[in-house]
Amino acid sequence: MTQFQFQQIGVVHSCYKQKFGIPRQPGLVKQASASIELLPPFNRLDTLDGLEGFSHIWVHFIFHQCINDNWKAKIRPPRLGGKKKMGIFATRATHRPNPLGLSVVELLSIRQEDGRVFIDIAGADLLDQTPVVDIKPYLPYADAITDAQGGFAPERTELKPVFFSELALSQLNDYKETYQRDLKPLIEQVIGQDPRPSHMTQQQGRTHANTLWNADVKWVAENGQFHVLYIDYPFGD
Ligand code: SAM
């Protein structure tokens with residue numbers, strides 16, 4: 001068997017500090033801001049010359065939190081409610097023979113700070129500290145296939161409403177003043193996707209937690225609605 005070795009060219013800095021709650025595909029949570037920091041010897045602006053003209057990029061990355069996990073030929077995609085198995089290569093599951101991920105994200109800006117080079121991106125489905133192995137421009141004329149078939153995942157799932165307690169709303173205001181970051185739309189998009197694994201979707205009243213940046217958001221699901229109870233912050237700094 002031929003083996004290949006890759007060099008890590010960058011690292012992701014992202015609002016997602018844990019796997020739970022990360023959208024299952026890119027572009028679903030537009031509020032998710034992140035950056036890719038280029039690592040030496042690739043931390044040079046000339047490696048990105050010309051990229052600024054593209055609105056989106058492909059990011060090839062390593063599912064670094066799944067590297068030692070075993071893969072199976074068939075898995076249960078969350079999209080099918082965990083009820084049906086599909087071939088691993090018919091899915092984008094993270095437990096793969098090679099832990100390689102591929103996401104298309106919006107390119108916001110390219111910047112250099114204290115000799116460090118960053119690509120700011122939006123809509124990522126990437127865990128904080130994800131290793132990046134390649135970046136390529138998204139080419140609309142070749143990559144956007146308007147009449148493509150979506151197999152067992154033909155369209156995006158609907159966003160569910162998210163409600164906030166008085167306490168959570170006042171904490172969000174305080175958080176915004178302290179960190180100049182509006183977490184509310186991010187929380188609405190992350191929790192509104194229903195991040196729960198299929199086997200939990202029938203459970204009522206269980207408290208879930210999502211860490212976004214340095215805030216741990218506590219919420220419950222009841223009768224198809226999501227309620228944010230309170231937010232712990234600063235969390236995990
Ligand atoms: N768009 C990519 C692809 O198709 O290769 C990723 C799809 S995968 C289903 C998305 C999930 O990967 C996220 O919901 C998150 O739980 C997980 N994930 C993201 N970054 C990861 C990382 N560095 N290590 C392990 N899992 C990760």
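Keep in mind that this is a model prediction, so the values were computed, not measured. Numbering of ligands and ligand atoms starts at 1, following listing order.
- Ring geometry for His208 versus Phe20: interplanar angle of 30 to 60°, hence tilted.
- Remark: Glu52 CD is packed, more than 12 non-hydrogen atoms of other residues, nucleotides or ligands lying under 6.0 Å away.
- In this structure, His95 has its ring center no closer than 6.0 Å to that of Trp71.
- Gln204 meets the side chain to side chain contact (heavy atoms under 4.5 Å, CB included) test with Glu222, Asn223; sequence neighbours excluded.
- When hydrophobic clusters are built by joining Ile, Leu, Val, Met, Phe, Trp and Tyr residues whose side-chain heavy atoms come closer than 4.5 Å, directly or via intermediates, Leu186 is not grouped with Ile121.
- Tyr175 and Asn214 share a donor-acceptor pair across their side chains, judged by distance under 3.5 Å alone.
- Near ligand 1, heavy-atom contacts under 4.0 Å come from Lys19, Ile22, Pro23, Arg24, Gln25, Pro26, Phe61, Ile62, Phe63, His64, Gln65, Cys66, Arg92, Thr94, Gly101, Leu102, Ser103, Asp125, Leu126, Leu127, Thr130.
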